[in-house]
Amino acid sequence: MIQDYYIIDFSYDVEDNKPLIYIWCVDKEGNRVVVLEKNFRPYFYAVLDDNPDIEKITDEIKKLSTPASPITNIDQLERKYYGNPVKVLRIETIIPAYIRIYRDQVSKIKGIKEVVEADIRFYMRYSIDKNLKPFTWFKADVEEIPNEKFRVKKVYELKNILETYEDKPPDLKIMAFDIEVFNKYGSPNPRRDPVIIIGVWTDEGEKQFITDDDDLKTIREFSNFVLNHDPDIILGYNSNRFDWPYLLERTKLRNVKLDIGRKINSEPTQGTYGHYSIVGRLNVDLFGFAMSIEEVKVKSLDNIADYLGILPKTQRVNLEWYQIPEYWTDDKKRKILLQYNLDDVKSTYLLKDAFLPFGEQITTITGLPLDQLSMASVGYRVEWLLMREAFFYNEIIPNRVEREYESYKGGLVIPPKPGIHEKVYVLDFSSMYPSIMIKYNIGPDTLVKGECDNCWVAPEVGHKFRKSPDGFYKTILQKLVEERKEVKSKLKEVENEYERRRLDERQRALKIMANAFYGYMGWLGARWYSKEGAEAVTAWGRETISEVAKLVQSEGFEVIYGDTDSVFITAKDESKINNIVKEIIDKFGLDIKIDKEYEKIFFTENKKRYAGITKEGKIDIVGFEAIRGDWCDLAKNIQKDVIVKVLTSSIDDAVKLVRETIMKLRRREFNIEDLVIWKSLDKDINEYNVDAPHVNAAKKAMKAGYAIFKGGKIGYIVVKGNGKISQRAEPYFMVKDKSRIDIDYYIDRQIVPSTLRILEQFGITENTLKNTGINIMDFFNKK
DNA sequence: TATGACCGGGG
DNA sequence: GTGTACGGTCATA
C-alpha cells in the first residue's frame with residue numbers, strides 16, 4: 001500500500017546479522033508509526049591511483065571478505081574529488097561496524113590512493129542517499145507487519161520510496177521536564193542524593209512527582225507519565241549533562257531500566273559526546289540552542305527566559321541551588337521550592353517557541369535530526385548540508401584530517417575612539433563574507449596555485465581563485481541565497497500567521513547557514529577546509545571595510561569604531577545618512593544597512609568592548625568580562641550599575657557609587673553571599689595539579705567532612721591571613737564571621753578592576769575610587 | 001609569547 | 001556506533 005509519512009528521527013539495530021533502519025514517523029492521520037528499512041547496506045569508496053590494475057585490486061579486496069560480514073559488492077564508478085574526475089571502487093558489506101575493519105585493510109592495498117566516506121554514521125548515510133530528512137514527508141510503498149516490540153500504532157516494512165517533499169507538519173507532542181535533587185553542600189551525587197522533585201509541563205498542563213521516601217517510586221511515576229503522554233519531543237535544559245545521566249544512575253543503582261523509548265525495553269543511551277538518545281523520540285536539550293545567544297553572557301535558564309521575555313525574573317521564584325535543601329526540609333518553605341521547579345519547567349517548555357521553529361528549519365535544510373542539532377556545533381550543521389549536496393553532485397566527501405593550527409589575519413578592527421559619543425549609527429554589512437565567497441568563487445576546489453590567466457586575486461595575500469566554473473561553495477551558497485530570495489518574496493504574499501512565522505524562520509535559517517560557511521571553511525575540523533580560502537575572504541573583507549570607512553569620512557562623517565563588517569559613525573548632518581547607505585550599496589554591490597542607532601555610547605581603549613544606550617532606551621553591554629559567572633555578585637552588579645550611571649547620569653555619580661560600595665565593604669555592611677565566587681569542579685579533587693583557589697577551597701571542605709564530587713560547583717570566600725590568595729580561599733559555608741573576610745581582596749581584585757575597566761578612560765584611577773574619605777589624612781594627602 | 005588546563009549549564 | 005564540541009580565559013613555562 002502507498003502512504004505518506006512525516007519523519008521524526010532515525011535509528012538502527014543489527015538483527016539476525018543484518019542492519020535494520022527504523023524511520024520513526026507520524027502518518028497523515030496523526031498515528032505514531034515506525035517504517036522499517038531492511039535492504040540498505042553500508043559501503044565506502046576506495047579512490048584509485050592513476051593507472052590502476054582494477055582486476056588485481058578487486059581480487060585483493062575480495063580476499064579480505066569474512067563470513068561474519070562478507071563483502072557483497074565491488075563496483076567501479078566515476079566520481080568527482082574537489083571537482084576533478086576520479087575512478088573509485090564502491091565496496092559494500094552487510095554489518096556497519098565492519099566498515100571500520102575493511103577500510104583499514106583496503107587502504108593498505110597497492111594501487112589505492114585513499115579510502116573515503118568510511119566515517120559516516122550509518123543511518124545518516126541512509127538518509128543522505130535516499131534524500132530523507134527529518135521534519136519532511138515521504139510517500140512510500142509499504143507493507144504492514146505485526147507489531148511485537150514497538151510503542152507505536154503501526155509497523156511497516158518499506159518496499160519503495162516514491163517521493164520526498166516538504167509540507168505542513170503534523171502536531172507534535174511536546175513535553176518539558178526538570179528534576180531537583182537533594183544535596184547538602186558540595187555537588188549532588190547520584191549514588192547518594194535522591195531526586196526529590198520531577199516537574200513536567202505539556203500542552204495539557206503541568207504535573208509534579210514528589211518523593212516521599214523512595215525516589216525510585218518518583219522516577220517510575222515519571223516514566224509511566226512519559227509512556228502515557230507519549231511525547232515526540234522531550235525538552236530539558238542542560239538535560240544531557242545533568243537530568244538524564246542522573247536519572248539513569250539512580251535507576252541503574254536499583255537495577256531498574258528507564259524504559260521510556262518507543263521501542264520496548266530500551267533506555268536512553270549516550271550517543272555522541274554528551275547527547276542522550278531516546279529511541280523514537282527527540283530528546284532535545286535546549287541549552288544547546290541557548291549557547292548561540294551571545295547577548296546573554298551567563299546562560300542560565302532564568303537568564304535566557306528573562307532575556308527572551310518568556311518568564312521575567314520578577315515574575316518567578318528565584319532560588320540559588322544551594323538553598324534547595326533548606327527549602328525542602330522546611331515544611332513552610334517547601335511550597336516555594338515546588339513553585340521554583342514549576343517555573344523552571346514552564347520556562348523550558350515555553351522556550352520551545354523561541355527555538356523549535358528555527359531548529360525545525362535548520363533540520364530541514366541540513367538533515368540533522370533535532371536532538372543532535374541542539375548539541376551540534378555550527379561546523380557540523382554546515383558539514384551535514386555540504387555532505388548532502390556532495391552526494392547530489394557526485395562529489396566525494398573528503399575525510400577528516402588532523403591539522404596543525406595556522407593563524408591567519410582576521411577581520412579589520414578600526415580602533416575605537418575612547419570616551420563617550422552621542423548620536424552614533426552602526427552601519428552593518430549583513431552578509432559580507434558569503435557575498436565575498438560567491439563574488440570571488442572561493443573554495444579549496446577553485447584555488448589555483450601557480451600561473452592563472454582567468455583568476456580573482458585576493459588583496460594582501462595574493463591567493464588566486466579561478467573565475468569559472470563555479471566551485472562547490474559558490475554553487476551551494478547561491479542555492480541558499482536563491483531560496484532565501486524566494487522565501488522572502490513568498491513571505492510578502494502569505495497572510496496566514498503560522499505560515500508567515502515558518503517562512504520567516506526559514507529565511508533566517510538560510511541566512512545563518514550561509515553566514516556560517518566562512519567560519520566552517522577556516523575550522524580545522526572541516527572536511528572542506530581551506531586556509532587560503534578563509535584568508536582570502538578576510539583580506540577582501542578588510543579591503544571593503546577600509547574603503548567604506550574612507551568613503552564615509554570623505555562625506556564628512558566621523559568613524560569612531562569598526563569591526564569586520566560594521567562601522568560606527570557619528571553624523572553631524574543626519575539627513576545624509578540614508579544617501580550614504582545607498583551610495584555604499586551601489587559602489588560595493590554588497591548589502592549594508594543601519595543596524596543600530598545609539599543615543600549615547602562609550603568605548604574603552606580595548607577593541608570589541610563597548611556599552612551604549614539605544615534610541616529606544618535599551619542598554620547594550622558588549623564584551624565586558626564581569627558579566628561572567630566567575631566574579632562575585634557584588635563585582636558584577638556594580639559594573640552594571642557603573643555602566644548605567646555613565647550612560648544615563650555622570651562619571652562623578654559612577655565614582656560616587658563605587659566609593660559608597662567600598663565604604664560599605666569596609667564597614668562590613670554586606671551580605672556574605674554577594675562575595676562568594678563560584679567555580680565548577682570538572683575533575684575529582686585529587687586529580688587537580690594546579691593550586692587554584694576553588695581547588696583549595698574544595699580540599700578544605702572535604703577535610704571538614706563535606707562531600708565534594710566532580711561535576712559540581714564550589715563557592716569560596718577569600719579570608720585574611722598569610723600566603724597566596726589561593727591558600728586563603730575557604731568554602732563559603734565555613735565563613736560565618738564577617739571580620740575574617742579579606743576586604744582588601746574584594747576591593748582590589750573584584751570591585752576596583754571591574755569598575756576601572758570602564759572608568760579608566762575617563763581619567764579615574766584606582767586611588768580616586770579607593771579614596772573613600774574614611775581616612776581623613778589620606779584625603780588631605782591626596783589634595 | 002606560546003601552551004595547556006579549565007570551564008560553561010545543571011542541583 | 002561508518003563517532004567523540006568549541007571557544008574563551010587564565011596560569012605557567
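Computed from a predicted model, the values in this text were never measured in an experiment. Proteins get letters first, then strands, A, B, ... in listed order; numbering begins at 1 in each.
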For this session: Strictly below 4.0 Å, heavy-atom distances to any atom of DNA chain C: list the hits from residues 102-109 of chain A, or just say none.
Result: A:Arg103
For this session: For the residue pair A:Phe222 and A:Phe209, categorise the inter-ring angle as parallel (less than 30°), tilted (30 to 60°) or perpendicular (more than 60°).
Result: perpendicular
Exercise. How long is the line joining CD of A:Glu383 and C1' of C:dC6, in whole Å?
Worked result: 15 Å
For this session: Sequence neighbours left out, what passes salt bridge (Lys or Arg N to Asp or Glu O under 4.0 Å) with A:Arg281? Give chain and number order.
Result: A:Asp230
Problem set entry | Near-ring test A:Trp244/A:Tyr246, centroid separation under 6.0 angstrom | no
Exercise. Relative to each other, are the rings of A:Tyr322 and A:Tyr732 parallel, tilted or perpendicular (30° and 60° limits)?
Worked result: tilted
Exercise. Distance between the P atoms of C:dA5 and C:dG1, in whole angstroms?
Worked result: 12 Å
Exercise. Between A:Trp528, A:Tyr380, A:Tyr518, which is the residue that forms a ring-ring contact (aromatic ring centres under 6.0 Å, His included) with A:Trp523?
Worked result: A:Tyr380
For this session: Describe the nucleic acid contact of A:Arg400 in one word from base, sugar-phosphate, nothing, applying a heavy-atom distance below 4.0 Å.
Result: sugar-phosphate
Exercise. Do any of residues 91-99 of chain A sit with a heavy atom less than 4.0 Å from DNA chain C, and if so which?
Worked result: A:Pro96, A:Ile99
Exercise. If you take all heavy atoms of A:Ile324 and A:Val181, which pair is closest and at what distance?
Worked result: CG2-O, 3.9 Å
Exercise. A:Phe10 CZ to C:dT2 C1': how many Å, rounded?
Worked result: 16 Å
For this session: For the residue pair A:Tyr98 and A:Tyr102, categorise the inter-ring angle as parallel (less than 30°), tilted (30 to 60°) or perpendicular (more than 60°).
Result: tilted
